[in-house]
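Structure, as structure tokens:
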Amino acid sequence: QVQLVESGGGSVQTGGSLTLSCVVSGYTYSTNCVGWFRQAPGKEREGIAAIDTGGGHTYYAEIVKDRFTISQDNVKNTVSLRMNRLKTEDTAMYYCAAGSGRRCDTVEYKSWGQGTQVTVTS
């Protein structure tokens, strides 16, 4: 099945930037969506961005819109998440996931990476 490996997490000060990468392998013809999610301790997992790798259409949660950018590199089979103007509220484990469907902000994501930690300090 689809395998996903995240990298790029770390510790950054408020207002700084990080770029997370998700290397995707084992794509099937029916898998077209890659999404980024995050989960902080004691909180629900939330979707923050997604991309339709077939058409390039992107989706963003309102809480990160205008600060985060999702993109794909088909040569490297990588989906990246550029995070700018980071806030302490962005501290969480970040996961990428793969799924299939018409709209990548509503599909069920069944394949998940191991996660990468992002810590934003004041």
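Only a predicted model underlies this, so the values are computations on that prediction, with no experimental measurement involved.
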Test of understanding: clusters of I, L, V, M, F, W, Y form through side-chain heavy atoms closer than 4.5 Å, transitively. Do I51 and V24 belong to the same one?
yes

Determine yes or no for a side-chain-to-main-chain donor-acceptor pair under 3.5 angstrom, with D73 supplying the side chain and K76 the backbone.
yes

Between N74 and Q72, what is the shortest heavy-atom contact and its length?
OD1-OE1, 3.2 Å

E44 side chain vs Q39 backbone, donor-acceptor pair below 3.5 Å:
no

Can you give me the closest heavy-atom contact between S17 and N84, atom names plus distance?
OG-OD1, 2.9 Å

Euclidean distance, C33 SG relative to H57 NE2, rounded to 0.5 Å
10.5 Å

Flag the pair R67 and D90 as a salt bridge only when some basic side-chain nitrogen lies within less than 4.0 angstrom of an acidic carboxylate oxygen.
yes

Supply the atom-to-atom distance I63 CD1 to K87 NZ, rounded to the nearest 0.5 angstrom.
9.5 Å

Scanning both residues in full, the closest heavy-atom pair of C22 with L4 reads SG-CD2, 3.6 Å

State which residue, out of T69, L18, V118, I48, fulfils the side chain to side chain contact (heavy atoms under 4.5 Å, CB included) condition with L81.
I48

Side-chain donor or acceptor of S100 paired with backbone N/O of T31 under 3.5 Å:
no

Heavy atoms, side chains only, cut-off 4.5 Å: are V2 and S25 in contact?
no

Which pair of heavy atoms, one from Y109 and one from G99, lies closest together, and at what distance?
CD2-N, 3.6 Å

Are the side chain of E6 and the backbone of G115 linked by a donor-acceptor contact shorter than 3.5 Å?
yes

If every non-hydrogen atom of A40 is compared with every non-hydrogen atom of T91, which pair is closest and at what distance?
CB-O, 3.7 Å

Ignoring hydrogens and geometry, is there a side-chain-to-backbone donor-acceptor pair from Y60 to I70 under 3.5 Å?
yes

Where G47 and A61 come nearest, the two heavy atoms and their spacing
O-CB, 3.4 Å

Determine yes or no for a side-chain-to-main-chain donor-acceptor pair under 3.5 angstrom, with R38 supplying the side chain and A92 the backbone.
no

With the side chain counted from C-beta on, respond yes when M83 and Y94 share a heavy-atom pair under 4.5 Å apart, and no when they do not.
yes

Is there side-chain contact between S80 and T19, with heavy atoms separated by less than 4.5 Å?
yes

side-chain contact (heavy atoms from CB on, under 4.5 Å) for Q114 and Y95? Distances and angles first, verdict last.
CA-CA 7 Å; Q114 82 290 343; Y95 303 86; over 6 Å; no

Any side-chain to backbone donor/acceptor pair from R82 onto L20? Under 3.5 Å, distance only.
no

Please confirm whether the backbone N or O of T121 pairs with a side-chain atom of T14, one donor and one acceptor, at under 3.5 Å?
yes

Between F68 and W36, does the ring centroid distance fall short of 6.0 Å?
no

When you measure from the side chain of D52 to the backbone N and O of T58, does any donor-acceptor pair fall under 3.5 Å?
no

